[in-house]
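Lettering of chains follows the sequences in order, A, B, ..., and the numbering in each one begins at 1. The shown structure was predicted, so the numbers you read here are calculated from the model rather than taken from an experiment.
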2 protein chains.
Amino acid sequence: MAADDLSSKQRAILRFLEEFIAEHDYPPSIRDIQNGCDISSTSVVDYNLKRLEEKGYIRRDREVSRAIELLNGQGERRRRTVAVPLLGKIAAGRPIPTPPETPTPGAFDETVELTEEQTRGRSNVFALRVEGTSMIDALINDGDIVVLEPTSTCDDGEMVAVWLRDENETTLKKLYREGERVRLQPMNATMAPLYTRADNVEVQGRVVTAIRSL
Amino acid sequence: MAADDLSSKQRAILRFLEEFIAEHDYPPSIRDIQNGCDISSTSVVDYNLKRLEEKGYIRRDREVSRAIELLNGQGERRRRTVAVPLLGKIAAGRPIPTPPETPTPGAFDETVELTEEQTRGRSNVFALRVEGTSMIDALINDGDIVVLEPTSTCDDGEMVAVWLRDENETTLKKLYREGERVRLQPMNATMAPLYTRADNVEVQGRVVTAIRSL
DNA sequence: TTCCGAACAGAACATATGTGCCGTGAGGCC
DNA sequence: GGCCTCACGGCACATATGTTCTGTTCGGAA
């Protein structure tokens with residue numbers, strides 16, 4: 001299912017587009033393509049770009065410079081990563097240094113590049129590095145990174161980061177409401193659950209995914 | 001060490017840049033930024049872009065339209081994903097449909113977008129979807145995706161995909177050489193190791209990382 | 001107060017860049 | 001041959017877009 005419906009010139013343009021974007025992070029102009037592919041005229045580039053657009057390999061915004069977006073050949077968008085702030089470390093009973101608030105771009109020591117596939121299109125997610133083996137039963141080990149979606153509510157049994165007011169610390173547990181109190185269940189069979197008053201816990205985020213370090 | 005050295009306007013511009021690029025796949029023009037951030041003059045945008053460039057948050061090519069490249073605040077480049085072919089499924093005792101050979105771009109049913117962080121800069125990696133819980137001790141569960149690096153050799157104890165000539169099937173195990181024979185150890189304490197002749201096994205790839213589905 | 005630099009306004013300017021128009025040549029088809 | 005379409009060349013044109021120049025405003029230092 002390769003690109004058999006493309007001329008060699010169109011394949012060259014597609015290849016050049018990929019290389020150029022990989023190198024510059026912005027698309028080439030028509031004249032960049034012209035030079036890069038040894039094409040004699042801008043109108044030829046334009047002509048072939050129109051064909052490529054018809055066939056679903058690229059998308060163009062008219063009248064806008066360098067407005068070429070690479071598609072996958074079926075009209076779907078490509079790539080796309082998000083810089084997710086790595087806010088700190090977390091384990092059973094360890095505090096998160098910075099409570100997750102409104103994330104400011106570029107305002108963190110570290111970020112993790114995630115694909116939309118991994119964030120499931122959610123924005124505003126943040127990441128925490130896991131310390132210790134307290135979540136081993138959830139297949140999350142020391143050094144792994146968990147990605148959380150900010151939320152103040154959750155269903156029973158969800159894996160959430162909660163802030164304990166009295167203890168002034170944050171931890172990652174499964175949350176179960178049991179009448180007046182809340183059971184915080186570690187994801188490690190060798191560790192006992194923690195019980196506390198319902199008004200002592202504040203949900204900060206729900207685990208969206210985990211990233212193995214290995 | 002966050003971006004305390006940025007003005008609110010500069011932060012707004014940075015944020016707008018991320019959003020715009022995420023939406024269009026090409027950077028905004030100065031006037032796009034002007035409108036998007038409610039800035040009164042193009043020269044103000046230009047002024048702040050210069051500051052952002054000085055501080056290592058972006059890179060610009062002079063004289064070129066929309067030539068803004070997002071950096072991470074330390075002058076390093078951002079993003080960049082690789083489309084890794086998802087070759088098939090694997091489990092204890094199940095075959096890989098296609099033996100990993102020279103990957104042809106776009107010639108697969110599925111691909112997984114991975115960041116360079118995940119592939120550790122390695123190229124030619126491929127991915128397999130895990131079936132079953134035979135690797136649960138390695139924190140790899142049913143439905144997860146393992147990323148492998150093609151190799152024909154490995155050290156003892158490494159997690160590798162091996163092809164068993166006689167049985168004509170491929171499996172994912174830890175490999176230990178024991179004299180004339182080879183011990184293939186599943187990563188599940190409830191499963192027994194498999195012993196076979198050394199010349200019956202052919203290493204096909206080494207596990208680089210695993211991706212949790214959740 | 002005066003002076004100076006950072007940040008901003010506004011507009012003109014230069015050029016980077018997409019588009020349109022006209023023409024050519026090679027095939028295919030009747 | 002006559003007629004069509006596809007792919008291409010060349011070039012002028014409109015405008016999209018970065019740059020620059022001249023002021024203005026506002027604090028803080030001297």
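- The residue A/Ser43 sits close to a base: some heavy atom pair falls under 4.0 Å.
- Taking atom CG of B/Asp61 as the reference point, atom C1' of D/dT17 lies 15 Å away to the nearest angstrom.
- Comment: B/Glu53 does not engage B/Arg59 in a salt bridge, judged by the lack of any side-chain N to carboxylate O separation of less than 4.0 angstrom.
- Whole-Å rounding puts the A/Tyr26 OH to D/dG18 C1' distance at 13 Å.
- At most 12 non-hydrogen atoms from other residues, nucleotides or ligands lie less than 6.0 angstrom from CZ of A/Arg15.
- Considering only side-chain N and O atoms, A/Tyr47 lies under 4.0 angstrom from the phosphate OP1 or OP2 of D/dA7.
- Each of B/Val44 and A/Ala67 lies near DNA chain C, and the nucleotide nearest B/Val44 is the one positioned closer to the 5' end.
- Distance, B/Asp32 CG to D/dT17 C1': 10 Å, rounded to whole Å.
- Separating the CG atom of A/Asn48 from the C1' atom of D/dC6 is a distance of 11 Å, rounded to the nearest angstrom.
- Residue B/Leu6 contributes atom CG, which lies 15 Å from atom C1' of C/dA6 at whole-angstrom precision.
- When the side-chain nitrogen and oxygen atoms of B/Arg62 are compared with OP1 and OP2 of D/dT19, one or more of them lie within a distance under 4.0 Å.
- A donor N or O paired with an acceptor N or O is not found under 3.5 Å between the base of C/dG18 and the side-chain atoms of A/Ser29.
- Under a cut-off of 6.0 angstrom, the local environment of CD in A/Glu54 is crowded, with over 12 non-hydrogen atoms contributed by other residues, nucleotides or ligands.
- You won't find any donor-acceptor pair under 3.5 Å spanning the side chain of A/Thr42 and the base of C/dG18, going by distance alone.
- Within the structure, a side-chain polar atom (N or O) of A/Lys9 is placed less than 4.0 Å from OP1 or OP2 of D/dC8.
- Backbone-only contact: A/Asp46 has heavy atoms under 4.0 Å from sugar-phosphate atoms and none from a base.
- In this structure, B/Ile33 places its CD1 atom 11 Å from P of D/dT17, rounding to the nearest Å.
- The two residues A/Met191 and A/Gln185 come nearest to each other via the heavy atoms O-NE2, 4.5 Å.
- Nearest-nucleotide mapping onto DNA chain C: of B/Gln10 and B/Val64, the residue sitting toward the 5' end is B/Gln10.
- With hydrogens and angles ignored, a donor-acceptor pair closer than 3.5 Å exists between the side chain of A/Ser41 and the base of D/dG10.
- The CD1-P distance, from B/Ile30 to C/dA16, rounds to 14 Å in whole Å.
- Remark: the B/Arg31 side chain and the D/dG18 base include a donor-acceptor N/O pair separated by less than 3.5 Å.
- Between the side chains of A/Ser43 and A/Asp46, no donor N or O sits under 3.5 Å from an acceptor N or O.
- Protein atom CD1 of B/Ile68 is 10 Å distant from nucleotide atom C1' of D/dG18, rounded to whole Å.
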